[in-house]
Q: 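This structure is in structure tokens; I'll ask about it shortly.
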Amino acid sequence: MARARELIPGIKITRRDIYDIVTVCKKMNAVGHRGDIACARVARDLAALDGRDRITADDIRDASVMCLLHRRNPKLPAVGKRELGLSGDSDDAAPDADDDEQEISAEEIAEVARMEKSGELDTDSEEILKEAEEEAIKADGDGSKPEKESSDEEEDDDGPIPDVDVMTLLLDDVQNNLAEIDRIETISLRNVVGQIPRGAESGDRNGRAHGFRIPEGKTSDPAIVPTIRAAAPHQKTRKPNGLSVVIENRDIRENIRIRQSVCSFMFAVDVSGSLDNTGMLEEAMKAVRAMLEDGYVRRDRVALLTFGQHLVNLAVPFTRNVEAIFDALSKTVTGGSTPLGQAMMTLDKYMRNYTRKNPEQKCYVIMITDGSPDIPALKGEPWAELKKIVATIKVPNTEWVIIDNGPRHRRINYAQKLADMLKGRYIYIDDLTGRFEDENGD
């Protein structure tokens, strides 16, 4: 870190770097010029952290992913490979952002001036930005390559603008990374389990005031402001008796208080070899991480149970420490058979005990599996035994969700059958993550 701080002042943002950054920001529909400035500074910092004295295409790619995710204009359509502007196709049909959104703010102008003054830009900042944008627009319109720099310039520093193949690869990398982040961010607990109860009337003085009402009898929690408002119109007809405001029983209002509800989410993940070999286990891990981020924001309780390798492992009991689950996921050993029956027995026992101790909590069991057991919990045929086990499961105040990460086209959909037996929700993992939306053109 100390070495990086020493390198930063000597790292110049060259003309070629600015052209690349401006082109990427334009193609990713970034609004304004703050994204360009942020990408330039982050790319420089990444180069310093890596111990280099100049910026590379990888630095620009990583900086663009970090800086442009929230700066893209949602009014504009997503940029596809045919609309990159470097294949000869024009993207003139894409609507431009609003004029006020494209203007450079005073803060952005001051930032560019500061970078110029400190020597972070090699030459006049406004001239470089303007020329880079003109070259990017020209490339969009006719698909031609930008003119090369004159031969008297130093090729090692401000060398020629990279050819279309290099720029296409850079744009593809940025677009694919942003698309992957967008896809993962669409996964939320609400999409998985439906409407989550987040508050209920407390019935006492605990909780946040959320309105008022006329009490049916005496109240220990009067709403002061609504009570004074109810009494105010009648003050001229009431005797003050030394009081500033005369309040009668009919004026009294009481608070309606809402207590924040806490939900508990048990994630049960099939880590058997059949899913690991098909690559669907990686999709399941990504989905769990995305849902855990949502639960962490709301301060819910979460737990993790994995089953595979002939074993069922309660990796993390219910906790608010989401980092513990992230750590457990990273250390999970995958492969082996699918002890689904044993996993259901473990879930039934653990969730029954938990709901007895926490009767006020709404619980969800989110199981990610293909639903196909290959070893019995005790003896007999695995699926027939599983049906008998599921028939005995009756966990109070708990909903079940089965996320199917098996092959989409198979003779028998055991995951769907498992969801039906549990009277729970069934979701196919690709429908949740939108993994094939781009390929299908949706």
Side-chain angles (χ1 to χ4, degrees), residues 188-268 291-304 314 316-325 347-366 392-401 422-425:
S188 67
L189 286 172
R190 185 168 183 173
N191 292 338
V192 174
V193 303
Q195 183 64 40
I196 302 173
R198 289 300 178 186
E201 190 173 332
S202 64
D204 52 30
R205 302 189 66 172
N206 296 320
R208 178 174 54 87
H210 190 71
F212 61 91
R213 63 188 168 199
I214 300 175
E216 296 180 357
K218 292 184 178 181
T219 178
S220 61
D221 187 19
I224 304 300
V225 174
T227 297
I228 294 175
R229 285 177 179 170
H234 308 288
Q235 295 306 301
K236 290 184 179 180
T237 61
R238 295 177 183 176
K239 296 180 180 180
N241 295 327
L243 300 175
S244 299
V245 180
V246 180
I247 296 176
E248 298 181 355
N249 289 337
R250 61 177 179 171
D251 305 323
I252 296 176
R253 304 292 186 266
E254 69 176 352
N255 287 312
I256 300 174
R257 295 191 177 273
I258 301 298
R259 178 182 296 169
Q260 184 71 17
S261 298
V262 176
C263 297
S264 297
F265 297 91
M266 164 63 78
F267 294 91
M291 287 185 284
L292 284 172
E293 290 289 346
D294 192 0
Y296 178 74
V297 171
R298 298 188 180 277
R299 306 303 297 169
D300 294 313
R301 290 191 174 94
V302 291
L304 176 67
L314 181 61
V316 181
F318 276 112
T319 179
R320 286 193 175 97
N321 182 13
V322 176
E323 293 298 327
I325 296 188
L347 285 170
D348 180 38
K349 181 179 179 181
Y350 182 76
M351 292 304 299
R352 285 195 189 192
N353 291 333
Y354 182 78
T355 53
R356 288 194 190 103
K357 296 178 181 178
N358 303 276
E360 77 286 352
Q361 291 187 20
K362 179 69 175 179
C363 298
Y364 299 88
V365 177
I366 302 172
T392 64
I393 295 178
K394 293 181 181 179
V395 183
N397 201 27
T398 299
E399 294 184 12
W400 295 76
V401 180
L422 290 167
K423 297 180 179 179
R425 300 186 68 188

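Hydrogens, waters and symmetry mates are skipped; everything else that's a heavy atom, side chains included, is used.
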Q: Main chain of Glu254, side chain of Asp221: is a donor-acceptor contact present, judged purely on distance under 3.5 Å?
A: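 Not at all, since once roles are kept as given, no pair shorter than 3.5 Å links the two residues.
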Q: Is it the case that more than 12 heavy atoms not belonging to His210 sit under 6.0 Å from its NE2 atom?
A: no
Q: Tell me the closest heavy-atom pair linking Asn255 and Pro222, and the distance in Å.
A: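 Closest heavy-atom pair between Asn255 and Pro222: ND2-O, 3.4 Å.
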Q: Taking all atoms of both residues into account, what is the closest heavy-atom pair of Ala324 and Val316, and its distance?
A: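 Smallest heavy-atom distance, with atoms named: O-CG2, 3.9 Å.
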Q: Does Cys363 offer a backbone N or O that forms a donor-acceptor pair with the side chain of Asn397 under 3.5 Å?
A: no
Q: Just by distance, do the side chain of Arg253 and the backbone of Phe212 share a donor-acceptor pair under 3.5 Å?
A: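 No; zero donor-acceptor contacts below 3.5 Å.
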Q: Out of curiosity, Arg352 CZ to Ile393 CD1, how far, rounded to the nearest 0.5 Å?
A: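 CD1 of Ile393 is found 8.0 Å from CZ of Arg352.
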Q: Do other residues, nucleotides or ligands put more than 12 heavy atoms under 6.0 Å from the CD atom of Glu360?
A: yes
Q: Within the side chain of Thr227, is there an N or O that forms a donor-acceptor pair under 3.5 Å with the backbone of Val225?
A: no
Q: About how many Å separate CG of Asn353 and CG of Asp348, when rounded to the nearest 0.5 Å?
A: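 The distance works out to 9.5 Å.
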Q: Which atom names give the shortest non-hydrogen contact between Ala231 and Asp251, and what distance separates them?
A: CB-OD2, 3.4 Å
Q: I need the Gln361 CD to Arg301 CZ distance, nearest 0.5 Å.
A: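 Interatomic distance, Gln361 CD to Arg301 CZ, rounded to 0.5 Å: 4.5 Å.
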Q: Provide the closest heavy-atom pair for Ala303 versus Pro317 in the form atom of the first, atom of the second, distance.
A: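 Shortest heavy-atom contact: CB-C, 3.7 Å.
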Q: Are Val322 and Val302 close enough that some pair of their side-chain heavy atoms sits under 4.5 Å apart?
A: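 Yes, their side chains come closer than 4.5 Å.
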Q: With rounding to the nearest 0.5 Å, note down the distance linking CG in Leu304 to CZ in Phe267.
A: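 Separation between the atoms: 9.0 Å.
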Q: Nearest 0.5 Å please: distance from the OG atom of Ser264 over to the NZ atom of Lys362.
A: 11.5 Å
Q: Within the 4.5 Å heavy-atom criterion, are Tyr350 and Met266 side-chain neighbours or not?
A: yes
Q: Rounded to the nearest 0.5 Å, what separates atom CH2 in Trp400 from atom OH in Tyr364?
A: 14.5 Å
Q: Flag yes if more than 12 heavy atoms outside Arg213 fall under 6.0 Å of its CZ atom; otherwise flag no.
A: yes
Q: Using modelled atom types and a 3.5 Å cut-off, is there a donor and acceptor pairing between side-chain atoms of Gln235 and backbone atoms of Val246?
A: yes
